[in-house]
Every structure is written in C-alpha cells, then in structure tokens.
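Computed from a predicted model, the values in this text were never measured in an experiment.
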Amino acid sequence: MCRAGSYLSLVVIGVVLVAACSEPGPPVSAGPQPELVWPAPPLTPRIRFVRTISRPEDVGIKAGWLESVFSFIKGAPERFISSPYGIRKDANDRIYVVDTLHKAVLVLDPAASGHYWFPEDPLEGFENPIDIALGSDDRVYVSDSQANVVHVFGKRGKKYLGHFGSDVLQRPTGLALEKTTGNLLVVDTLASQIVVFDTATLKAKKFVGREGTARDAFHYPTNVAIAPDGRIYVTDSLNFRVQVLGPDFTFLSAFGQVGDSPGDFARPKGVAVDSEGHVYVVDALFDNVQIFDRQGRLLLAFGSPGAAPGQFWLPNEILIDAEDRIYVSDAYNQRIQVFQYLREAGGEQ
C-alpha cells in the first residue's frame with residue numbers, strides 16, 4: 001500500500017512538472033482595474049467600470065490543485081469565454097453565460113467557489129444557443145436559433161429535459177420570463193414577432209407583432225426585456241428602434257431611428273432596464289450602450305470601439321441585476337464587462 005501511494009505521488013509530481021513546461025493558457029485578467037466613469041469629470045459620474053470576466057478566476061473562483069491535476073490527466077483543457085451572448089443571474093448570484101462558439105452555457109458560482117458548463121457533453125440538436133432565461137424549480141431555458149427550438153434544462157442546467165417550439169418558431173433569439181405569470185417571451189427574429197409560451201404546458205398561447213414598419217410591426221427583432229413596472233421593451237433591429245409594449249402586449253410607443261447621431265441606432269441588440277426605469281440599449285455597430293429615460297430621450301452613452309476596459313467589439317446582450325450592476329456581453333473581445341449604475345452623486349446604491 002505504501003509503495004502504491006509513493007507511485008501515485010510520483011505520477012502526480014510528474015504531471016505537475018509536465019504541466020509547468022507546457023504552453024501557458026490565456027492571460028489572467030486579475031489585478032487592479034482602471035478607474036473609468038461616464039460622464040467624465042468634472043460632470044457627475046453615473047456609470048462606473050467595475051471589471052471584466054473571461055474566466056472563473058475573474059470572479060474569485062480558483063480550481064483546486066488536485067482538480068487541476070486530474071483535469072490535465074483526463075486531457076480536458078480549461079474552457080474560457082469565447083463568444084458570449086445571453087447572460088443571466090439568479091437569486092444566489094450565480095452568473096449564466098451562453099457561449100455560442102462552445103455550444104454551451106458557463107455557470108459561475110462565486111459563493112460556492114465553483115463553476116461548470118452545460119450540457120456537460122455535446123448534445124445532439126443543441127446547435128446555436130443564443131439567449132437564456134431562468135425559471136422556477138431551477139429550470140433553465142436556452143434559445144437555439146439554428147435548431148429553431150427552446151431547450152429546457154433542470155437542476156440549473158445539469159439535466160436536459162427536452163425542447164419545445166419546433167412547430168411555431170423560425171429563428172428564436174431573445175428570451176424574457178414574466179415572473180408573475182410564468183410566461184416565456186421568445187423573440188422570433190425571422191418571423192418578426194414575439195411568441196408567448198406557457199411554461200407549464202410549453203405551448204404557444206399568443207403571437208405578438210407582424211412583419212413591417214408600422215408601430216405594431218417588427219423587422220428582425222432580436223432582444224426583449226421586461227421592466228419592473230411590467231412594460232416590455234423589444235429591440236426592433238432593422239427598423240432601428242426600440243418598441244415599448246404594455247404588460248398586455250399592446251403597443252405603446254417607440255423610440256430611435258437609423259443614423260449616427262446620439263440617440264440614433266445602427267444595430268440595436270440587447271436591452272435592459274435598471275431599478276429607476278432607465279432603458280439601456282446595446283448597439284453592436286456603434287460598440288456602445290445608450291441610456292434613455294421612459295420617454296425615449298437620450299440621457300447618456302458609454303463605451304467605444306476597442307479592446308481596452310470600457311471598450312467593446314460587437315457587443316450584443318445586457319443584464320442589469322438587483323443592485324444595478326450592468327453586465328454586457330462583449331462578443332468579439334471574448335468577455336463580459338461589468339459596470340455599476342451610480343444612483344447618487346459619486347456613490348453606489
């Protein structure tokens with residue numbers, strides 16, 4: 001027994017030495033972050049850059065020594081965020097990031113100092129995941145624009161339950177869950193409409209919108225968000241506007257137009273609403289985020305093209321959590337950028 005233990009120790013030591021001589025992985029982005037605020041001084045700051053996330057270490061999750069060793073033995077290289085899109089956060093501060101390149105979802109769990117990807121193994125029919133919604137009973141919904149379905153997972157993604165929508169969806173993209181009704185709103189980009197599903201039956205119960213330029217029509221919508229007051233915001237991408245719907249799906253108003261002036265859009269995608277009702281719109285071609293009031297008037301924009309902190313390269317989705325932290329999927333920079341909305345002059349909520 002002692003000889004076997006010594007042999008195992010030698011194997012482990014050998015593995016560690018080999019690993020130490022292997023090529024290094026992507027650089028760790030830990031360390032001091034720059035102090036960036038918008039607008040710039042001497043104006044009162046309203047948005048502050050917090051950090052970037054490209055790997056578990058960026059949120060304080062570190063793999064144990066034995067975990068690293070046995071991952072090396074198994075030949076399972078660590079995966080980093082490569083092409084992020086959908087992003088959500090649950091009540092326990094777990095962060096879910098859809099990675100379209102990996103065809104998987106990364107779950108970061110800082111409280112438990114752990115992380116995992118799902119599906120754990122390649123899943124047939126899981127082709128091009130885009131957005132994500134978190135339901136009750138630890139259910140997770142993931143839209144798949146290539147398979148034309150919404151996938152359902154249980155146990156926070158660890159158990160595959162099936163899919164739905166193949167009979168009505170053409171290209172599902174953005175998702176939003178109505179907490180009071182349990183309805184799942186699915187943006188069907190190709191059909192230029194919102195399909196409302198009952199999560200109890202997984203059946204379509206309502207179709208909202210049509211193809212066109214009228215106020216009750218969409219042209220390639222991409223993302224959807226539900227505000228605290230129940231209003232529904234839809235990025236109507238190729239109409240270059242954001243449409244505002246009531247909780248009963250009636251069309252209330254719209255704002256934005258094509259152009260390159262402040263308040264205009266080139267390719268609006270992600271949309272989110274903070275605790276005070278401000279509407280944040282990601283523009284994938286402007287490489288920025290514009291902030292509007294409830295009437296659609298521009299308040300502020302932050303971000304610019306590039307790869308430095310606070311800059312974007314084809315951003316797409318945005319999430320604002322209960323503490324008004326802002327998460328932006330910075331797709332071609334292969335990272336999530338985190339900002340803070342400053343509710344009071346110079347301070348956080």
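Relative orientation of the Phe118 and Tyr96 rings is perpendicular, given thresholds of 30° and 60° on the angle between their planes. The aromatic rings of Phe302 and Trp38 are tilted relative to each other, their planes meeting at an angle between 30° and 60°. Using a 30° and 60° split on the angle between ring planes, Trp313 and Tyr332 fall in the perpendicular class, above 60°. Using cut-offs of 30° and 60° for the angle between ring planes, the His151 and Phe126 rings count as tilted. Ring-plane geometry between Tyr280 and Tyr341 is classed as perpendicular, the angle between the planes exceeding 60 degrees on a 0 to 90 degree scale with a lower cut at 30.
Between Val224 and Ala176, the shortest heavy-atom distance links the atoms CG1-CB, 3.7 Å. Taking every heavy atom of both residues into account, Ala284 and Leu314 meet most closely at O-CD2, 3.2 Å. Between Ala147 and Asp144, the shortest heavy-atom distance links the atoms N-OD1, 3.0 Å. Heavy atoms only, all atoms of each residue included: Gln193 and Phe218 are closest at CA-CD1, 4.0 Å. Here the closest non-hydrogen pair linking Ser113 and Gly60 is OG-O, 4.2 Å. Residues Val244 and Tyr233 share a closest heavy-atom pair of CG2-CE2, 3.6 Å.
Every pair passing side chain to side chain donor-acceptor pair (under 3.5 Å) that includes a residue from residues 121-136 is listed here, sequence neighbours excluded: Asn128-Ser145. For residues 258-268, every residue pair satisfying the side chain to side chain donor-acceptor pair (under 3.5 Å) rule, not counting sequence neighbours, is listed here: Gln257-Asp264.
If you take CG on Leu177 and OG1 on Thr199, they are separated by 6.0 Å, rounding to the nearest 0.5 Å. Here CG of Leu298 is found 9.5 Å from CZ of Phe255. Values are rounded to the nearest 0.5 Å. The CG atom of Asp274 sits 5.5 Å away from atom NE2 of His278, with the distance rounded to the nearest 0.5 Å. A distance of 9.0 Å separates CD of Glu211 from CG of Leu238, quoted to the nearest 0.5 Å. Separation of atoms CG (Asp109) and CG (Asn92) is listed at 7.5 Å; rounding is to 0.5 Å. The line from CD1 of Ile232 to CD of Gln243 is 12.0 Å long, rounded to the nearest 0.5 Å.
Cluster membership for Ile53 and Val50, using ILVMFWY side-chain heavy atoms within less than 4.5 angstrom, is shared. Tyr160 and Val107 fall within the same hydrophobic cluster, defined by Ile, Leu, Val, Met, Phe, Trp and Tyr side-chain heavy atoms under 4.5 Å apart, directly or through other members. If you chain together hydrophobic residues whose side chains sit under 4.5 Å apart, Phe265 and Val258 fall into the same group. By the criterion of side-chain heavy atoms lying less than 4.5 angstrom apart, applied directly or through intervening Ile, Leu, Val, Met, Phe, Trp or Tyr residues, Val186 is grouped together with Phe207 in one hydrophobic cluster. Tyr327 and Tyr85 fall into different hydrophobic clusters, defined by Ile, Leu, Val, Met, Phe, Trp and Tyr side-chain heavy atoms under 4.5 Å apart, directly or through other members.
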Could you walk me through whether Lys155 and Asp138 satisfy the salt bridge (charged side-chain N to carboxylate O under 4.0 Å, His left out) test, starting with their C-alpha distance in whole Å, then the side-chain angles of each, then the deciding distance to 0.1 Å, before giving a yes or no? CA-CA 5 Å; Lys155 298 183 177 180; Asp138 291 330; over 6 Å; no
Go through the steps for Arg294 and Glu276 under the test salt bridge (charged side-chain N to carboxylate O under 4.0 Å, His left out), then give the verdict. CA-CA 10 Å; Arg294 287 185 177 90; Glu276 295 184 338; over 6 Å; no
Show your working on side chain to side chain donor-acceptor pair (under 3.5 Å) between Ser83 and Thr100 and close with a plain yes or no. CA-CA 6 Å; Ser83 184; Thr100 58; 3.0 Å; yes
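Looking at Arg325, its side chain never comes within 3.5 Å of a backbone N or O of Leu319 through a donor-acceptor pair. Judged by distance alone, the side chain of Asn333 and the main-chain N or O of Gly306 form a donor-acceptor pair under 3.5 Å. Of the possible donor and acceptor atoms, none in the side chain of Arg48 sits under 3.5 Å from a partner among the backbone N and O of Val37. Checked by atom type and distance alone, the side chain of Arg88 never pairs as donor or acceptor with a backbone atom of Ile95 at under 3.5 Å. At least one donor-acceptor pair under 3.5 Å links the side chain of Asp90 to the backbone N or O of Arg94. Put simply, the side chain of Asp283 never gets that close to the backbone of Asp287: no donor and acceptor are under 3.5 Å apart. Thr181 places a side-chain N or O within donor-acceptor distance of the main-chain N or O of Asn183, the cut-off being under 3.5 Å. Of the possible polar contacts, none joining the Thr52 side chain to the Gln337 backbone as a donor-acceptor pair under 3.5 Å is found.
In the model, Thr189 has no side-chain atom that pairs as donor or acceptor with a side-chain atom of Thr222 under 3.5 Å. No hydrogens or angles considered: nothing links the side chains of Ser192 and Asp188 as a donor-acceptor pair under 3.5 Å. Side chain to side chain, Ser329 and Glu317 fail the donor-acceptor criterion of an N or O pair below 3.5 Å. Side chains of Asp324 and Ser275: a donor-acceptor N/O pair is present below 3.5 angstrom, by distance only.
Salt-bridge formation is detected for the pair Asp216/Arg210: a Lys NZ or Arg NE/NH1/NH2 atom is positioned less than 4.0 Å from an Asp or Glu carboxylate oxygen. Look at Asp321 and Lys89 and you find a salt bridge, because one of the NZ, NE, NH1 or NH2 atoms lies within 4.0 Å of a carboxylate O, short of that distance. Salt bridge annotation for Asp198-Lys203: absent, with no cationic side-chain nitrogen under 4.0 angstrom from a carboxylate oxygen.
Of the listed residues (Asp58, Asp99, Asp330), just one forms a salt bridge (charged side-chain N to carboxylate O under 4.0 Å, His left out) with Arg335, and that residue is Asp330.
The environment of CZ in Arg139 is sparse: at most 12 heavy-atom neighbours from other residues, nucleotides or ligands sit within 6.0 Å. Counting non-hydrogen atoms of other residues, nucleotides and ligands closer than 6.0 Å to CZ of Phe249 gives a total above 12.
In this structure, Tyr116 has its ring center no closer than 6.0 Å to that of Phe153.
Asp236 meets the salt bridge (Lys or Arg N to Asp or Glu O under 4.0 Å) test with Arg241; sequence neighbours excluded.
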